[in-house]
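Source: prediction; values computed, not measured. To find a chain, count down the sequence lines: A is the first, B the second, and so on, and within it residues start at 1.
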Protein chains: 2
Amino acid sequence: MNINIDFVNKLRTSGLRPTKQRLKICEVLFNTEKTFHFTVNDLSKIISEKLNQKISLATIYNTVHAFKKKGYLKEISMNSDKTYFDTNTTHHHHFFDSSTMKLIDLSDDQVEKIKINKALPGKKISSVEILVKVENE
Amino acid sequence: MNINIDFVNKLRTSGLRPTKQRLKICEVLFNTEKTFHFTVNDLSKIISEKLNQKISLATIYNTVHAFKKKGYLKEISMNSDKTYFDTNTTHHHHFFDSSTMKLIDLSDDQVEKIKINKALPGKKISSVEILVKVENE
DNA sequence: TACTTTCTTTAGAATCATTATAAACTATAA
DNA sequence: TTATAGTTTATAATGATTCTAAAGAAAGTA
Ligand SMILES: [Mn+2]
Ligand SMILES: [Mn+2]
Ligand SMILES: [Zn+2]
Ligand SMILES: [Zn+2]
């Protein structure tokens, strides 16, 4: 109950109405100390199978995109057929385990400063991300 | 004619029969001093519009995937709806220009050695790639 | 509270990239 | 040649994502 008040405020201050669908998705995504990575399909399964709720897929897409736009989620840059979202919105990097298809965070301070000796005239850098692919030894 | 002999050999030594479709695709992809990035759709358009040839889309997909498997192409790890391939198969990094949706190579020696202070037990690193997103200033 | 407006959800259709199917075709080797 | 395995192709199927338009819900106002 009191958890939800935070989410209600979070949504209200973002200009998003606190509907029960959005609050449920907030609970799944943000009501945990640990951040995690997920696909839309993962999220949909958690809601329907673990929580026995039904939220239409269109709403899940709408909500995830709305949250991304507000900066509450990041979409992860990497290709592997799947599109991943991340509840960790701080600047960080990733390991991608090809054996399990899972992403693992690599925090910015675990990477020594990246120096790039090439500039593109008229362009400014908006992000620098490392993707480390790993597999079983 | 003599260019094609190289491609015929390249294909034969890879265990791929040198069909006219594959040779045509080789010409488009490898008959140039510069490497480049492309999508399957780009390649398909070059073949049909610029060369006025018809190769079925299924064959283009098959060929691109076969070439990737043989190491003649790399598929680029990044998300932007589009899936890019790269005729530059050396180890290198990329800029992605969000304004133009184009990839630009960033050679390995233009990046100072990347040091990662995190290891995953039982896993070995298969690649480390940087993606630098840029936009207009 | 009643009314109005705007936003949100939803089922279902549409789209788009990619992959699968299976029959016709072709390169290669016997 | 003939046989074999590999290849191409049109077409259908798949799967993720987006669109549509109608019904429902939240917020604002009187
Ligand atoms: Mn998206
Ligand atoms: Mn692919
Ligand atoms: Zn992450
Ligand atoms: Zn490249």
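- Looking only at atom types and distance, the side chain of B/Asn88 has no donor-acceptor partner in the side chain of B/Lys74 under 3.5 Å away.
- Straight-line distance from the CD1 atom of B/Ile60 to the P atom of C/dA17: 13 Å, rounded to whole Å.
- Counting any heavy atom pair closer than 4.0 Å across all strands shown, A/Asn41 reaches no nucleic acid atom.
- Nearest to the side-chain atoms of A/Arg17 among the listed nucleotides D/dT7, D/dT8, D/dA27 stands D/dA27.
- A straight line from NZ of B/Lys24 to C1' of D/dT9 spans 18 Å, rounded to a whole angstrom.
- Between A/Arg22 and C/dC7 there is no side-chain polar atom (N or O) within less than 4.0 angstrom of OP1 or OP2.
- Protein atom CG of A/Leu16 is 11 Å distant from nucleotide atom P of C/dC7, rounded to whole Å.
- By the 30° and 60° cut-offs, the orientation of the rings of B/Phe67 relative to B/Phe30 is tilted.
- One atom, NE2 of A/His65, and another, P of C/dC7, lie 20 Å apart when rounded to the nearest Å.
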request  = With side chain to side chain contact (heavy atoms under 4.5 Å, CB included) as the test, would you mind laying out the steps for B/Glu112 and A/Asn117 before giving the verdict?
outcome  = CA-CA 8 Å; B/Glu112 289 186 26; A/Asn117 300 314; 3.7 Å; yes
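- Note on A/Gln21: a side-chain N or O is less than 4.0 Å away from OP1 or OP2 of C/dT10.
- Rounded to a whole Å, the NZ atom of A/Lys54 is 16 Å from the P atom of D/dG24.
- Atoms CZ (B/Arg12) and C1' (C/dT26) sit 13 Å apart, rounded to a whole Å.
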**Trace of the side chain to side chain contact (heavy atoms under 4.5 Å, CB included) decision for A/Leu73 with A/Phe38** = CA-CA 10 Å; A/Leu73 289 175; A/Phe38 66 94; 3.9 Å; yes
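- Distance A/Lys20 NZ to D/dG24 P: 12 Å, rounded to the nearest Å.
- Side-chain nitrogen and oxygen atoms of B/Tyr61 include none within less than 4.0 Å of the OP1 or OP2 phosphate oxygen of C/dT19.
- Nearest to the side-chain atoms of B/Ser56 among the listed nucleotides D/dA27, C/dT18, D/dT9 stands D/dT9.
- Taking 4.0 angstrom as the limit, A/Thr19 places none of its side-chain polar atoms (N or O) nearer than this to OP1 or OP2 of C/dT8.
- For the pair A/Tyr61/A/Val40, a side-chain contact is recorded, criterion being any heavy-atom separation below 4.5 Å from C-beta on.
- Among D/dT17, D/dA26, D/dT9, the nucleotide with an atom closest to any side-chain atom of B/Asn62 is D/dT9.
- Here the P atom of nucleotide C/dC7 and the NZ atom of A/Lys69 are 13 Å apart, to the nearest Å.
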